[in-house]
Structures are given as structure tokens and as C-alpha cells.
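In what follows, a single structure is set out as C-alpha cells and then discussed.
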Amino acid sequence: MEKTIIEKINEAAAYLKSQFSEQPKVGIILGTGLGGLVNEIKIEKSIKYEDIPHFPVSTVQGHSGRMIIGTIGNVPVLAMQGRFHYYEGYKMEQVTFPARVMKVAGINTLFVSNASGGLNPTFKVGDIMIITDHINMFGTNPLIGPNLEEFGPRFPDMSEVYSKRLTKMALEIAQKNGISLKQGVYVGTTGPTFETPSEYKMFRTLGGDAVGMSTVPEVIIAHHAGMEIFGISIITDSGVPGEIVEVSHEEVQKVAGAAEPLMTKVIKELVIEEFKK
Ligand code: HPA
């Protein structure tokens, strides 16, 4: 008989736990072109997704598909280098599987990063945005289906999904380090198309500051499970009328890679400040 989702999550989490030398304090999901944060991790183990029981396998370019166990400034972390996107054809249950595994593996804080198109006209390509809220435009919800009561309630409150406390800390860290951070609302869509000019305009009208093809599913699942969430988005291209130019995955990776050192600095300092003993 096929195993239940709970059994699969528990088996994957048990496997990861057997690999930890210390309980990770934070889970980190690295977005497109942003895997370089891994260079700041003192790596203890790097596990291919295919070696973790029941894990989906990542395919998109720019994602190498590994779970990294290690430390950032002595803080034990678990980082996903490469995530699963809905547009790849995974079911929502697969896209969000790792977030639930992290929770069962004892992690209560989740940091997420992504690349996105800018909608707010004051944003420039290369800017870094702290995600203050999101709009789910996936046309579905990862919590549809029987509620997994062991994680959270049927009807989760969404009044503060992204931690105001961690946002405040990140802003202070950025200021101390002379890094300018924007804040805004992330619109999550399925992709794989980038937006037409009219779609960018629509998302701006709806209240979005940036749009991308990830993050929202994992964040909904993590929030349902009671995790504290901090999200950061790199603006890799502009969806602002008059500024829109042709965009490609390569360009997105290039811009994300260029902005990455600053994002990495913020995340690194935030991990250390939050979890130093
Ligand atoms: N739209 C959607 N996803 C994206 C974009 C965009 O403009 N840039 C990077 N990811």
C-alpha cells in the first residue's frame, strides 16, 4: 500500500535527523541564482535530494538540488539549495514537502529567498526586498485536501505570515552594514511564463511590489505549521510600464547572482543575531 503523506514526511525527517550532529535552528530555502549563500555555510554534509526518502528531484537550471547541513557562525542550519517549482509539474504536496519535513525535523524558523520582477516603480533592478506579505495568485492552495491536524488548523490565520520581528532585525542589520533594503508584497504566480505588460500592471494594481514563481506555497505550509518566516526577494527585472524589456532566465540568474553578496550578508547576520547563544 502506498505510504501516507504523513508517513513519507516522517521518514524523510527521520533520515535528515539521523544526519544532524546538532539540531538545526533555521531552515533556509535558496532561490534562483541565490545558492551562493552556501559558501557562507561551514558544510558538514551535503545530501542530494534523491538520497532523501520520498524527496522530489529538482530539474530547473540554476538549482543543484541538495540539502546542506552545516553552520553559519556556529549556528546549525539546514539549507535547501534548489527548490521545487509548481511549473515543473510537481503537485503542491511535492512543492511543499520539504517545508513540512523541516518542521518535523525540529526546525521552527524558515528563511526563504527568491528572484522576482519589480512592480513598484520606486524599485530598481538589483534591489533587495524584504517580503512583508504575499498575494497567492497560484489559483490553488497547498492546504487544499484533508487537513493535517498534526501541523495546524483547517482555517489558518494569515494576519502576520512574515515575521515583523525578524524584519525589524534585518532592517537594523542592513542599516548597520550600509545595505539598503526595500520592503513589499510578493505576488506568487505559477509561471513558467514571465508576465505580459498587462499582467505586471494588474499585479501592481492588486497591491503587489514584486512578482515571482515560488515561495508562496512553501510559506503557506510553513505558516500553517507554526514556523516563523523571513523572506527576501531580489528584483531581477522590471515590470514597471515604460521600463519593461525582454527578460530571460539567464538574465534573472545574472542579476540575482550580482545582488547575492548583500542578501547573503543580511541573512548571515540575521541567523547569527537571532540564534547566537
Ligand atoms: N516574473 C515572474 N517571475 C520572475 C520574474 C518576473 O518578472 N523575475 C524573476 N522571476
Side-chain angles (χ1 to χ4, degrees), residues 9 12-13 16 24-41 43 46-49 52 55-60 62-70 72 75-88 90 92-116 128-131 134 136 138 142 161-163 166 170 186 188 191 210 212-234 236 252-253 256-257 259-260 263-264 266-268 270-271 274-275:
I9 292 164
L16 286 178
K25 304 271 197 219
V26 56
I28 304 174
I29 303 179
L30 301 166
T32 302
L34 300 170
L37 174 66
V38 167
N39 299 332
E40 295 297 326
I41 301 177
I43 300 177
S46 166
I47 305 169
K48 288 199 206 92
Y49 289 159
I52 305 172
F55 240 64
V57 174
S58 183
T59 58
V60 77
H63 296 253
S64 31
R66 282 168 172 276
M67 195 63 95
I68 312 286
I69 300 170
I72 297 182
V75 179
V77 303
L78 179 66
M80 281 183 72
Q81 195 174 27
R83 58 150 64 86
F84 305 104
H85 296 88
Y86 193 54
Y87 62 74
E88 291 175 87
Y90 297 110
M92 275 296 176
E93 191 175 289
Q94 296 175 294
V95 172
T96 60
F97 186 80
R100 282 194 166 131
V101 170
M102 283 179 171
K103 173 71 186 184
V104 175
I107 296 168
N108 293 308
T109 304
L110 181 66
F111 286 12
V112 291
S113 66
N114 61 52
S116 65
I128 303 172
M129 181 187 93
I130 297 183
I131 303 174
H134 74 224
N136 176 13
F138 277 80
V161 175
Y162 297 85
S163 170
L166 292 174
Y186 177 87
M213 306 176 196
S214 68
T215 303
V216 167
E218 300 101 300
V219 163
I220 289 175
I221 288 297
H223 181 68
H224 176 249
M227 296 174 88
E228 186 168 15
I229 296 158
F230 176 74
I232 234 173
S233 192
I234 307 283
T236 57
V252 165
Q253 283 179 295
E260 194 209 286
M263 184 203 77
T264 294
V266 173
I267 293 185
K268 181 182 167 188
L270 187 58
V271 166
E274 173 70 357
F275 295 106

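Every heavy atom of this structure was used, including side-chain atoms; hydrogens, water molecules and symmetry mates were not.
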Query raised in the report: Which value, rounded to the nearest 0.5 Å, describes the distance between E260 atom CD and S113 atom OG?
Result: 8.5 Å
Query - Check: R83 and T215 side chains under 4.5 Å, non-hydrogen atoms - result: yes
Query - Pairwise side-chain contact, L37 with I267, heavy-atom cut-off 4.5 Å (strictly under) - result: yes
Query raised in the report: Atom CD1 in I234, atom CD1 in I128: separation rounded to 0.5 Å?
Result: 4.5 Å
Query raised in the report: Are any non-hydrogen side-chain atoms of L166 and T109 less than 4.5 angstrom apart?
Result: yes
Query raised in the report: Any idea which heavy atoms bring Y87 and G191 closest together, and the distance?
Result: CB-C, 4.0 Å
Query raised in the report: At what distance, to the nearest 0.5 angstrom, does CD1 of I130 lie from CE of M263?
Result: 12.0 Å
Query - Between H134 and Y162, a side-chain donor and acceptor under 3.5 Å - result: yes
**Report entry** Least distance between heavy atoms, A79 atom then I41 atom
**Finding:** CB-CD1, 3.7 Å
Requested in this report: Could I get the full list of salt bridge (Lys or Arg N to Asp or Glu O under 4.0 Å) partners for E40, not counting sequence neighbours?
Outcome: K268
Requested in this report: Sequence neighbours left out, what passes side-chain contact (heavy atoms from CB on, under 4.5 Å) with Q94? Give chain and number order.
Outcome: P56, Y90, K91
Query raised in the report: In Å and rounded to the nearest 0.5 Å, what is the CE to CG distance from M67 to L78?
Result: 5.0 Å
**Report entry** Contact check, side chains of F111 and I232, non-hydrogen atoms, under 4.5 Å
**Finding:** no
Query raised in the report: How far does CD1 of I43 sit from CD1 of I68, to the nearest 0.5 angstrom?
Result: 4.5 Å
**Report entry** S116: side-chain hydrogen bond (donor to acceptor under 3.5 Å, both in side chains) partners, not counting sequence neighbours
**Finding:** S233
Query raised in the report: Do the side chains of I9 and F97 get nearer than 4.5 Å, heavy atoms only?
Result: yes
Report task. Evaluate the side-chain proximity of L16 to V101: yes if any heavy-atom separation is below 4.5 Å, no if none is. Result -> yes
Query raised in the report: For E228, what residues pass the side-chain hydrogen bond (donor to acceptor under 3.5 Å, both in side chains) criterion, not counting sequence neighbours?
Result: S163, R165
Query raised in the report: Under the side-chain contact (heavy atoms from CB on, under 4.5 Å) test, which residues partner M227, sequence neighbours left out?
Result: M102, K103, I107, L110, A222
Report summary line: Residues passing the side-chain contact (heavy atoms from CB on, under 4.5 Å) test with T96, sequence neighbours excluded, are P142, P217, I221
Query raised in the report: Going from CD1 on I72 to OG1 on T264, what distance comes out if it is rounded to the nearest 0.5 angstrom?
Result: 9.0 Å
Requested in this report: Please assess V77 against K25 for the test side-chain contact (heavy atoms from CB on, under 4.5 Å), listing each intermediate value before the final yes or no.
Outcome: CA-CA 6 Å; V77 303; K25 304 271 197 219; over 6 Å; no
Report task. Would you confirm whether E274, through its side chain, and V271, through its main-chain N or O, come within 3.5 Å as a donor-acceptor pair? Result -> no
Requested in this report: Begin from the C-alpha positions of F138 and M92 and carry the test side-chain contact (heavy atoms from CB on, under 4.5 Å) through to its verdict.
Outcome: CA-CA 10 Å; F138 277 80; M92 275 296 176; 3.6 Å; yes
Requested in this report: Could you check if a side-chain atom of Y49 sits within less than 4.5 angstrom of a side-chain atom of M80, using non-hydrogen atoms only?
Outcome: yes
Query - Pair N136-I220, side-chain contact (heavy atoms from CB on, under 4.5 Å): steps then yes or no - result: CA-CA 9 Å; N136 176 13; I220 289 175; 3.9 Å; yes
Query - Y186 side chain to G231 backbone, donor-acceptor under 3.5 Å - result: no
Query raised in the report: Do I47 and R66 touch side chain to side chain, with heavy atoms closer than 4.5 Å?
Result: no
